[in-house]
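Worksheet: the structure to be examined is printed underneath.
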Amino acid sequence: MSVAPQASVAAQAGAEVLLRALKEQGVEVIFGYPGGAVLPIYDAIFKQNAIRHILVRQEGGAVHAAEGYARSTGKVGVVLVTSGPGATNTVTGLVDALMDSIPIVCLTGQVPTHLIGNDAFQEADTTGITRPATKHNYLVKKSEDLARVVHEAFYVARSGRPGPVVIDLPKDILINPAPYVGVPETPHRSYKPQTDPDPALIEQAVALLKRAKKPIIYSGGGVINAGPAASAALVDFVRATGFPVTNTLMGLGAYPSPDPLFLGMLGMHGTYQANLAMHDCDVMLNIGARFDDRVTGRLNAFSPNSTKIHIDIDRSSINKSVHVDLGIVADAGKAIAALSAAWKKDKTKVDSKVLAAWWSRIEEWRAKDCLRFKQDMSKGAVIKPQYAIQRLFEITQELKREIFITTEVGQHQMWAAQYFHFRQPNRWMTSGGLGTMGYGLPAGLGVQVAHPDALVIDIAGEASILMNIQEMSTLAQYRLPVKTFILNNQYMGMVRQWQELLHGGRYSESYTAALPDFVKLAESFHAEGLRAESVDQLDDVIRRMVTSEKPVIADICVDQKENCFPMIPSGAAHNEMILGPEHESQSVGVTDAGMALV
Amino acid sequence: MSNTLERMATISVLVDNEAGVLARVTGLFAGRGYNIDSLTVATVDVDRLQSRINIVTSGTDMVIQQIKAQLDRLVPVHRVSDLTHEGPHIAREMAMIKVVASGEPRVEALRIAEAFRARVIDATTNSFVFELTGNTDKLDAFLDLMRPLGLAEVSRTGVAAIARGARTI
């Protein structure tokens with residue numbers, strides 16, 4: 001890092017140097033919004049064709065678009081915004097990317113260096129504000145640092161546990177000549193994430209797994225982040241073991257959903273079989289997940305009798321909330337490859353009888369059919385939201401197209417996770433950690449930019465979609481045919497559900513009066529608007545939506561009172577989950593302590 | 001979880017001496033609800049632009065391990081060392097202590113200062129400023145004794161710490 005490769009002789013303006021560094025980093029698309037402080041960059045963008053700029057309608061949308069782009073391609077997503085409000089509008093998206101480990105480089109304009117600290121027009125302390133919102137951030141105060149910082153930012157964003165990085169760029173730095181330096185050949189002076197697993201620990205892990213009587217493999221977003229090869233390796237490893245496997249919300253797609261070894265998603269709205277298997281297992285192998293509270297439920301009742309193995313690229317994720325017996329710091333892909341090799345080398349035989357007994361218990365749980373629901377098929381009947389997603393899945397599978405799903409946040413998101421199935425990684429974009437309503441439409445925009453020929457569907461709720469509805473305009477401008485599939489129940493459904501189950505049915509502020517007419521709204525944004533009001537209209541609307549060449553909003557009017565089950569109430573344990581009305585009532589009382597949780 | 005016993009830990013962090021690095025470290029402690037009992041920071045390597053931050057904190061072993069891991073993943077952090085855990089270490093802080101008194105209490109303050117090997121670095125007819133170096137307990141003990149004798153003001157550096165023997169951070 002200290003030895004700069006040949007500095008360019010003819011110094012260019014900072015903005016030109018910035019673009020040159022972006023090109024060297026392989027950047028093809030920037031999602032952004034101009035303003036005073038970044039005008040020099042926009043001038044440089046105007047003079048070139050190598051990097052495409054997508055003009056969003058609000059800076060928050062730019063970050064989510066970059067997240068969708070990054071998550072669906074494995075590349076770093078790039079954002080460009082101006083100083084002050086441009087920068088502050090990115091904060092939600094940055095925290096979203098931080099929580100879900102999405103690689104983003106966000107370029108923010110800043111007032112000229114001599115004005116910093118003077119409360120200048122559109123000045124904000126961007127590095128101060130975004131410090132806890134990013135993996136790392138930079139304020140470039142010297143022209144000679146510019147190119148180096150850009151290269152470093154990309155390295156930090158994509159390596160180790162990926163995350164968002166902000167580069168704050170004062171206007172004079174963009175205007176003044178700056179030397180160019182290429183990508184450094186020496187390693188970073190301090191940031192050296194560990195990616196190779198300790199072979200001795202891998203052997204210990206395999207020894208534990210081989211002797212397990214009731215094993216389970218639980219994988220998360222880390223496997224997705226490790227690249228498609230890691231997911232393929234996971235499939236091979238799971239099949240070699242014959243062990244049951246479950247995925248977190250962020251990990252969906254790492255293991256193909258229709259596979260018999262797959263128990264579905266786990267956690268608060270996970271399947272009965274996945275959660276009970278987690279609760280009763282004796283050896284748990286966690287690969288690239290972080291024991292999120294939505295997964296563990298009540299901590300002191302979480303999988304109480306298991307030996308826990310945790311593989312994570314972030315050392316601080318190990319033993320953060322759940323004490324584990326064997327922690328392995330490594331890239332998920334490298335760890336799975338090492339596990340596979342060690343599994344073959346270790347000649348201990350798995351006790352197939354004991355494993356079969358474990359499987360027969362799991363099959364009993366699976367036989368509960370916890371996602372069962374009843375759809376009245378008579379003409380004019382109300383659409384169940386689960387049925388809408390199920391039909392969306394079935395109809396899209398007939399199409400032989402690449403399908404990418406994004407979501408907003410709430411009930412529809414959980415139903416999407418439960419009833420839409422994924423066979424490949426990087427096809428499922430959702431806001432997991434932060435739970436950002438308004439994520440799905442701009443994320444879908446970013447996905448469609450990266451995959452122009454794919455079918456991109458934002459499974460949305462009518463409340464979430466209004467949080468970034470302005471990006472419909474962006475879809476129109478760039479002819480991005482993203483489909484928005486709204487499960488419209490006129491409530492903030494998950495809020496309503498919690499109010500019903502935890503707050504005595506007092507539906508405080510969770511009903512949205514005066515919703516827009518989504519069909520007309522779509523039309524005003526140059527998109528196609530469709531509506532299904534009863535079950536007999538559903539298939540036709542879905543077929544018209546997926547075959548349209550334009551962006552579409554499909555307003556699916558669904559049962560307003562439907563709740564999302566199964567559910568582990570906050571403060572409860574995995575074996576205390578509530579099943580839906582289709583199953584006999586076995587609800588546990590929600591404790592006051594649980595009510596205080598989120 | 002397995003251990004609910006809280007312990008003190010003196011953690012030394014070697015960082016790049018860049019803008020905002022201290023805010024990153026203190027922001028991490030504030031944001032995640034960790035305690036800071038003492039904090040010192042100064043440049044220790046001018047050529048390589050590195051500073052050392054010494055933090056005295058407390059928590060269960062799981063929390064201390066977590067603090068170490070969280071510090072270690074900050075980009076400008078080179079090295080994190082839990083001196084309390086990793087072997088014998090020496091910790092010192094310095095204080096300047098102003099005692100305003102006359103007559104017998106003034107004489108008593110000076111006598112105690114001699115016993116503690118505190119140096120008088122400023123004196124007037126009705127005040128002293130003592131300089132005292134030692135571990136935190138020694139400084140606390142001295143301050144307890146000065147309190148009834150006219151203790152008026154204290155300025156403490158916070159703890160600097162280093163491992164004993166040839167071991168380095």
Side-chain angles (χ1 to χ4, degrees), chain A residues 1-2 95 98 101 113 116 125-142 145 149 152-153 155-157 159-161 163 165-166 168 188-194 291 296 299-302 304 308 312-325 327 329, chain B residues 1-5 7 9 11-34 36 43-53 57 59-82 85 169:
Chain A
M1 206 74 200
S2 53
V95 180
L98 183 69
S101 312
T113 45
I116 290 177
D125 175 9
T126 300
T127 45
I129 291 166
T130 61
R131 197 171 289 126
T134 52
K135 182 174 173 184
H136 195 53
N137 63 17
Y138 301 86
L139 168 62
V140 180
K141 281 176 131 171
K142 286 185 278 184
D145 292 340
V149 164
E152 190 177 313
Y155 167 71
V156 170
S159 62
R161 178 177 176 177
V165 177
V166 162
D168 204 22
H188 191 275
R189 62 202 176 282
S190 56
Y191 182 64
K192 295 166 185 134
Q194 180 180 343
F291 292 111
T296 62
L299 270 180
N300 61 9
F302 172 68
K308 298 178 184 72
D312 204 296
I313 199 161
D314 179 1
R315 188 184 299 275
S316 74
S317 283
I318 295 172
N319 284 324
K320 182 170 67 180
S321 53
V322 171
H323 174 78
V324 297
D325 303 276
V329 179
Chain B
M1 287 247 289
S2 58
N3 181 4
T4 52
L5 221 64
R7 69 170 173 98
I11 295 173
S12 283
V13 193
L14 203 60
V15 298
D16 271 339
N17 190 6
E18 61 179 40
V21 68
L22 186 60
R24 267 179 228 291
V25 170
T26 54
L28 169 67
F29 275 73
R32 293 189 183 265
Y34 308 139
I36 298 182
T43 305
V44 291
D45 189 331
V46 179
D47 295 336
R48 278 185 287 186
L49 290 173
Q50 288 181 358
S51 289
R52 181 176 180 129
I53 300 173
T57 183
T60 62
D61 201 53
M62 202 160 148
V63 167
I64 303 291
Q65 292 299 323
Q66 183 61 207
I67 291 173
K68 267 190 71 177
Q70 292 286 354
L71 286 168
D72 206 32
R73 70 180 190 151
L74 296 178
V75 170
V77 166
H78 287 266
R79 184 87 178 86
V80 183
S81 171
D82 176 0
H85 187 70
I169 189 167

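Sequence lines set the chain letters: A, B, ... in the order given, protein chains first and strands last, and positions in each chain run from 1.
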Quiz item: Does a sphere of radius 6.0 Å around NZ in A/Lys142 hold more than 12 heavy atoms from other residues, nucleotides or ligands, not counting ones at 6.0 Å or beyond?
Solution: no
Exercise. Go through the atoms of B/Val77 and report whether side chain, backbone, both or neither lie under 4.5 Å from a heavy atom of chain A.
Key: backbone
Self-check item: Contact leader toward chain A among B/Gln70, B/Gln66, B/Lys68, where contacts are heavy-atom pairs under 4.5 Å
Solution: B/Gln66
Practice problem: Please work out which of the three classes, parallel, tilted or perpendicular, describes the rings of A/Tyr155 and A/His188, given edges at 30° and 60°. | Solution: parallel
Quiz item: Which bit of A/Ile318 comes within less than 4.5 Å of chain B, counting heavy atoms only: side chain, backbone, both or neither?
Solution: backbone
Quiz prompt | Contacts of B/Arg79 that satisfy side chain to side chain contact (heavy atoms under 4.5 Å, CB included) - sequence neighbours left out | solution = B/Leu14, B/Glu86, B/Ile169
Quiz item: In terms of heavy-atom proximity below 4.5 Å to chain B, should A/Asp314 be classed as side chain, backbone, both, or neither?
Solution: side chain
Exercise. Could you tell me which portion of B/Gln65 (side chain, backbone, both or neither) has an atom closer than 4.5 angstrom to a non-hydrogen atom of chain A?
Key: neither
Quiz item: Do A/Glu152 and A/Tyr138 meet the criterion of a side-chain donor-acceptor pair at a distance under 3.5 Å?
Solution: yes
Quiz item: CZ of B/Arg73: more than 12 outside heavy atoms within 6.0 angstrom?
Solution: yes
Quiz item: Using non-hydrogen atoms only, which part of B/Ala19 is less than 4.5 Å away from chain A: side chain, backbone, both, or neither?
Solution: neither
